[in-house]
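The figures that follow rest on heavy atoms only: side chains count, while hydrogens, waters and symmetry mates do not. First the proteins, then the strands, lettered A, B, ... as listed; each starts at 1.
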Amino acid sequence: MAISQARIIESLEQACSNLNPDEFIFSFLDAYGFPKSTITRLRKGGDSRNVAEGDDIGLKKKLYFRAVSKGADLDAEVESLKASEVIARNDIRFVIVTDFESLAAFDLKAEERLETTMDELDKQYAFFLPLAGYEKAVMYSEHPADVKASEKMGQLFDLIRERNDLSKPEDIHALNVFLTRLLFCFYAEDTGIFEQGQMTSAIQSCTQEDGSGVDQFFTDLFTVLNLEPDAPERKDMPAHFQAFPYVNGGLLRDDEPIPEFGRKARRILLDCGSLNWSAINPDIFGSMFQAVIDEEQRGNLGQHYTSVSNIMKVIQPLFLDKLYAELEKSRKRDRKLKELLIRLQNLRVFDPACGSGNFLIIAYKELRKLEMEVIDALNAISDQAEMYYSGIRLSQFYGIEIDDFAHEVATLSLWLAEHQMNMAFKAKFGYAEAALPLRDSGDIVCGNALRLDWEEVCPPADGSGNPREIYICGNPPFLGTTERSKEQSADMKHVFSSFKSIGYLDIVAAWFWKGANFIKGRRAKCALVSTNSISQGDQTSLLWPPIFELGVSIDFCYQTFTWSNNAKNKAAVHVVIIGLKNNEDTSTVPRIFETSREKTTVLKVDNISPYLVPGPNLAVYPRTKPIGPVSKMIFGNKPTDGGHLYVTLEERDEFIEKYPHYAHWIRKVLGSKEFINGGERWCFWLAHIPLEDVMNVPEMVSRVEKIRDLRIKAGHPAALKGAERPHTFLQLAQPLKGNYLLVPRVSSERRSYVPMGFYGVDTISSDANQMVPNATPYEFGILTSEMHNDWMRTVAGRLKSDYRYSATLVYNTFPWPEVTDEQRKHIEELAEEILLIREDYPDKSLADLYDPDKMPAPLREAHKSLDRAVEKLYRDKPFRDAPERLEHLFARYEKLIAEEKAKAPAKKKATRSK
DNA sequence: TATCCGACAGAGG
DNA sequence: CCTCTGTCGGATA
């Protein structure tokens, strides 16, 4: 049922403004796209489709509608309907009750409530969208226990914060520690570590309703949990405290102050106790808990937490697949299986950006599952039942996390995961180690991963100097140059101190560089989730050649996929996963994974290029000049005007009417949006007008002053210089005569060809485009060919996944073919044919013409002829596919660059690193 | 001076 | 809400 949401809003608005109680529900159903026939029958009455009683309207699986008289309690009505048998029998999704002034509704699937007045109903249209086939995104819907628990803990945190001074970092740390201990206790009393409900009932009986005594209670409780069973101090404690077991394991090592509680906080505490904590999922609970507590993250709960499926994409190719293969190979061979057990007990997993520990927890659980399978296999081939215990210890798991609370949560979650796995072990084999006292948890260090020495955090060799098998994994933060703090910029400089420049390297690159240096020459591998930018555009040649020089190469990768988890506002980013290994490590073949919504495919290749396609370890360096004798491509005109040089059509007409002799001040301007999608924009183009003349026009004064102010405020040298001529664009590049070829800087990845077009110099191009002044149709023909677009697709930067055409990376690096005059003329003819065909569609924008689903056949064919002709310039035999074209282009690129170098041997090396 | 980027941003369905 | 697709100006060389 595809229906435009704008139409829904409009129809709802109409139904509510001309409110007719008898008709309302029918208009409502119509708004959400129910078939007219259904509505007509419902209106007539007596139809079997109506499953409701009396005057109500009910549609199976959809909704149940009831109108009540004014003054009735809508909520109570909804509640009673929700529980009624007719709702359950017909699997109703929405219950709606209205008195035609207000409306109350309940979504039984999402368990969400809506209360609104009728005139606001259109604003709430999204609530009922599932009726039209649009499902709502519900955060972590598959884990209601985690949601409830983390929300309750969040409330508790707020109440504690109200009452306690948390201005000093050590106070915050103390509270972090308290919350994680508390969480452990809730979990413990629901999972058999404590007696069922032991702590909650003790709180109930030992503390006052106004909250007094709660802090003392926890002081005593944590003391006793830290006392060994035979410790003499135990005897001094009240009897109900003595009943608590010895926990330790480092959870209660330090004596931290306990916050004070009020009446409300105590009540929430008891509420927490009544939740079922055994259903908590340590994999994601930690992230949610952290998100609830961390103020900065509250607005966008969990947007960066890594989903289990994405973690598996990292750890399976990194080590799990290989270990499982080992198990299959070793079945039936006692010695081999025992060796595998030993290996599992000795390998190390290290997440240098571990957050609340998701990767470590999943890795731990997966290794425990594998260990159980190995034990199974051992039991299957042995006559005597030997009692194998788990030998995998949390102390094999290392992490670095900068946030104190997240680091506490990570430590705790590992314990919870251990307990969970011990229970699974017991369920399978009938025995398991004691839950208490807790053993050492993971080695999680609270600190800055870019400053710490990773080898100190995760020693690459054991005490006797034997090298360890180590797997580095994780999802480090992504941060471009503009959003970084001063400290983070300094961190980057520190990590890349051996680099000549770090350009636009994303901060995540620092983890790759440190990771590559860590694994170099060791029995170690590293795989990280990253923004796709580090294998695109400018960053590729900065990061990868130095990594390859270490003797490290790409072991496997997941090509770009869109970031996704169950959070409401998931981060808008396209990511890749890249695994690194030493060149000498031949235990695996390079694998390229490609994932789409439907499936994931794997391609085994000889080598993975830094662009994450099959190919050599070759990165294309940005150049300031084209390789061949072709026209120069220049950057567009950059306003930096806060919008004050732009004018609307109305403003333009008004201005020209008043000052007809200044009509030439206003010019048509193109961003890439106007170029690609059509539409008009206008701007003041005053590059050749003295500032005094401009300031003599009253309408201009405030515009110009605003621009001057904002440029002064921006403060950097370029802006300050621009403040001296505030009536012009900050960067001027418009050619003075002739035509120019316009190339948009960003364009959708759906298109096979980046749209380009010719304009006269009277049309201003903004910095959203680049220009090739006085380009020839030949140049247009080459640039709009499939050959060139394939090159662009590989070496260009991307905005998310959309193409970002740049002169330095795409145009100037392109290996142009060698042509005769005759060939050149042929290309020009084919190129002009394309321009002519475009003119046959004056009503269509370039977006329409180059939409792969809508591209007119004649245009498509003209492009195909051109593509074929351009290919022929490179070689006679047609290319089979894009990889073959690229192979040829890269070979030619290398040849041309080598020739260029040979011509100018005195020039310094082009490489930017070291 | 020129230009690459954005755990995006804004519009539209 | 989700999907689609390119603004704008700072930071960097």
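OP1 or OP2 of C/dT5 sits under 4.0 Å from a side-chain N or O of A/R750. Between A/T481 and C/dA11, a side-chain N or O to OP1/OP2 separation shorter than 4.0 Å is absent. Listed pair A/R745 / C/dG6 fails the phosphate criterion, with no side-chain N or O lying under 4.0 Å from OP1 or OP2. In this model, the phosphate group of C/dT7 is approached by a side-chain N or O of A/S672 to a distance below 4.0 Å at OP1 or OP2. For the pair A/N677 and C/dG6, the criterion of a side-chain N or O lying under 4.0 Å from OP1 or OP2 is met.
Of the charged side-chain nitrogens involved, none lies within less than 4.0 Å of a carboxylate oxygen, so that A/E680 and A/R652 do not count as a salt-bridged pair.
Counting any heavy atom pair closer than 4.0 Å across all strands shown, A/D641 reaches sugar-phosphate atoms only and no base atom. A/R711 comes within 4.0 angstrom of nothing in the nucleic acid, heavy atoms only. If you check every strand for non-hydrogen atoms under 4.0 Å, A/K713 touches nothing.
Look at the P atom in both B/dA9 and C/dA11: the space between them is 16 Å, to the nearest Å. B/dC8 and B/dC4 have their P atoms separated by 22 Å, with the value rounded to a whole Å.
Toward the 5′ end of DNA chain B lies the nearest nucleotide of A/L809, the other residue of the pair A/G480 and A/L809 mapping further downstream. Nearest-nucleotide positions on DNA chain B place A/K632 closer to the 5' end than the other of A/K632 and A/V575.
Across all strands shown, B/dA7 has no partner, as no Watson-Crick or G-U wobble contact with both distances under 3.5 Å is found.
Atom pair A/N769:CG and C/dT7:C1' shows a separation of 11 Å (rounding to whole Å applied).
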